[in-house]
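In what follows, chains are A, B, ... by sequence order, proteins preceding strands, each numbered from 1.
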There are 2 protein chains.
Amino acid sequence: MSTRTEIGSLGEFGLIRHLTKQIELKNESSIKGVGDDAAVLSYPEKQILVTTDLLLEGIHFDLTYVPLKHLGYKSAVVNFSDVYAMNGQPKQITVSLGISKRFSVEDLDEFYSGLKLACEIYGVDMVGGDTSASLTGLTISITCIGEGDKEKITYRSGAKDTDIVCVSGDLGAAFMGLQLLEREKRLFKDEKEFTPDFGGKEYLLERQLKPEARKDVIEALANAGIQPTSMIDVSDGLSSELLHLSRESNVGFRIYEERIPIDFQTASMAEQFNMNLITAAMNGGEDYELLFTVPLAQHDAVSQLKGIKVIGRVTRPDLGNYLVGRDGGEVELQAQGWNSLS
Amino acid sequence: MSTRTEIGSLGEFGLIRHLTKQIELKNESSIKGVGDDAAVLSYPEKQILVTTDLLLEGIHFDLTYVPLKHLGYKSAVVNFSDVYAMNGQPKQITVSLGISKRFSVEDLDEFYSGLKLACEIYGVDMVGGDTSASLTGLTISITCIGEGDKEKITYRSGAKDTDIVCVSGDLGAAFMGLQLLEREKRLFKDEKEFTPDFGGKEYLLERQLKPEARKDVIEALANAGIQPTSMIDVSDGLSSELLHLSRESNVGFRIYEERIPIDFQTASMAEQFNMNLITAAMNGGEDYELLFTVPLAQHDAVSQLKGIKVIGRVTRPDLGNYLVGRDGGEVELQAQGWNSLS
């Protein structure tokens, strides 16, 4: 039997103390963490990166099939991903939660165990936050602070029309994982227990439920002496991110369909769902891979890196943004990415 | 006739561009603002302060009587207050919003006009954020980054048992403003227009709807060469904040009832409502005044500062935390402050 401790029994300050009691600061830049009006940090030699994400129940996650521990892990990781996308290293997070009466202290312990695991793996300190009641559902707001060297921080605006375009990992799997979970949710909607069989689809679920940020890619690029000219993480889908780079760098893109990296499970699932595989890979979202440009001269060096694929080239802006099909036909890129506001 | 533009018509990125298009960065520490994966800051010579607040409709604010412009202003100011409470200066904010379909682009323009006004007055740059749909209501998450000199940053933990206790401004007015607004809301609940007459109560409403952070107090202390030994801002009520200082500094407090600063309108309203005035002043919350301790030797210097009142003294921890009444009777301080989780 699992116990249930009501959050009200601890009170706001008691709850914060309970959730943060065993947190130790590991980074030199973390001077003072939870427990004062503000956290205190010190970055005398680096530039500081700040990114924030708001995650709302029913919009960004569905607790029918997302375990709270995974949600905590993912909430942290999506912020780390934004810092890596600047060619930086995440170092601190603050975590604000709005919690309805539906949640118990044990639920929050689960969520925090995921957060803490992510912080441990990525070397990040939890330094502050805010906890409040909410009328309905769970609200999660995380701000991540990171560091980067001034001359290495990579903006969206640096792509040149002689560069090549690279992406890490593979695309569309997180989207397929979501489709799979949504289908099973519909099938199980009259059942009490949500215990579908996901055999052979583990990769898709992992990509959706417990994504990783590409710390390893940033390290591999640094070790190979490759400095990307522009970079962004793939959160809303490849097409949408390419259009951001296009806009900020004032360039165009030619992306080759046959070069888009797609996992076998993604392809197999798309077939089962009778979905267009390339559309899923281009617009799926939540991949948290890194999309970046490097000078053409670094083509060979970047091609040798494990898990990095050259998928196209940068062009002059007047040439537009196109996906070149296997038959040579060209389709203009459109931001069909996930848009919670439409 | 006012126009109403649906948020969905702009899309997520269009909305962000619309809301942030005229933002200019003014602070030297702001390198890159809105428009990349993360903001870029630089603080080579200062320590960095980070604080965050989550504000939820129906819990922290009621749009029946809170104008969106005021809400934007207050949302920013409550974060600035936390930075001043560390004896620092706020320099940047990130703003995340969760928005239900009830809100139009014009509503958000109003909210942002308040945010921008606060940023202008306090010299703060808006450097990032996140915008998302929400199922119900308005969710506001603001993170504020500030700076402080290492040797001047003031923690909750530095009070000594020979210090004296000071507070700025006056207490309980914001709480009385809230009571007043809630009463009028009940009276007007069957009316279409909320237009009560608040003549003679303007100060209470201003304290509730458009509070200020005590930048001026931090400057006055610096100009007078006074370095507080501990400090906190009064957001949850004086009693609650004193208990935080007591816990973190391992000291006790004797606070003198007759020294508690209370405005005439607050006292008059308490009488009308038949409420205990001292309870309101001690536990009211949302005053955003600064509560701090200074060495006894600085009694005369601090007493000469306009709008600062010495309200008690620090003691050994075993002497506890007490309010000393006008008749000499002592009542133990309790954190009856606003607690959204109970």
Side-chain angles (χ1 to χ4, degrees), chain A residues 7-8 10-13 15 31-32 35-45 47-54 56 58-60 82-83 85-86 88 92 94 96-99 127-137 139 141 143 145-146 153 155-156 232-233 248 335 339-342, chain B residues 7-8 10-13 15 31-32 35-45 47-54 56 58-60 82-83 85-86 88 92 94 96-99 127-137 139 141 143 145-146 153 155-156 232-233 248 335 339-342:
Chain A
I7 285 167
L10 294 183
E12 183 180 359
F13 303 122
L15 178 65
I31 309 296
K32 166 80 185 177
D36 217 300
D37 292 281
V40 183
L41 313 178
S42 174
Y43 283 101
E45 282 158 25
Q47 286 196 333
I48 304 150
L49 302 162
V50 181
T51 179
T52 188
D53 260 306
L54 180 65
L56 303 172
I59 302 285
H60 300 93
D82 279 319
V83 174
M86 302 295 289
Q92 288 91 19
T94 65
S96 293
L97 296 180
I99 312 152
V127 296
D130 192 14
T131 308
S132 156
S134 78
L135 290 181
T136 55
T139 299
S141 177
T143 296
I145 297 115
I153 287 177
Y155 294 89
R156 296 179 179 179
I232 190 168
D233 71 328
E248 297 295 326
N339 183 343
S340 75
L341 291 171
S342 63
Chain B
I7 285 167
L10 295 184
E12 182 180 359
F13 303 123
L15 178 65
I31 309 295
K32 165 81 185 175
D36 217 301
D37 292 281
V40 183
L41 313 178
S42 175
Y43 284 101
E45 282 158 25
Q47 286 196 333
I48 304 150
L49 302 162
V50 180
T51 178
T52 189
D53 260 306
L54 180 65
L56 303 172
I59 302 285
H60 301 93
D82 278 320
V83 173
M86 301 295 289
Q92 288 91 19
T94 65
S96 293
L97 296 181
I99 313 152
V127 296
D130 192 14
T131 308
S132 157
S134 77
L135 290 182
T136 55
T139 299
S141 176
T143 296
I145 297 116
I153 288 177
Y155 294 89
R156 296 179 179 178
I232 190 169
D233 73 326
E248 296 296 327
N339 182 343
S340 76
L341 291 172
S342 63

Honestly, the part of B/L135 sitting under 4.5 Å from a heavy atom of chain A is both
If one checks every heavy atom of B/E45 against chain A at 4.5 Å, the contacting part turns out to be neither
Heavy atoms, side chains only, cut-off 4.5 Å: are [X] and [Y] in contact?
X: B/Q92; Y: A/V50; answer: no
X: B/L97; Y: A/L54; answer: no
X: A/Q47; Y: B/I31; answer: yes

The side chain to side chain donor-acceptor pair (under 3.5 Å) partner of A/T143 among B/T94, B/T52, B/T143 is B/T143
**Prompt:** Within the distance-only criterion (no hydrogens, no angle test), does the side chain of A/D36 pair as donor or acceptor with the backbone N or O of B/R156 below 3.5 angstrom?
**Reply:** yes
Check: Can you tell me if B/T51 uses its side chain to pair, donor with acceptor, with the backbone of A/D37 under 3.5 Å?
Finding: yes
The reported gap from OG in B/S132 to CG in A/L56 (rounded to nearest 0.5 angstrom) is 4.5 Å
In this structure, CG of B/L49 is separated from NZ of A/K32 (nearest 0.5 Å) by 12.5 Å
Whatever's closer than 4.5 Å to a heavy atom in chain B on A/I153 counts as side chain
Turns out that what part of A/V83 lies under 4.5 Å from chain B's heavy atoms comes down to neither
Of the listed B/I145, B/V40, B/I232, B/D53, the one with the largest count of heavy-atom pairs under 4.5 Å with chain A is B/V40
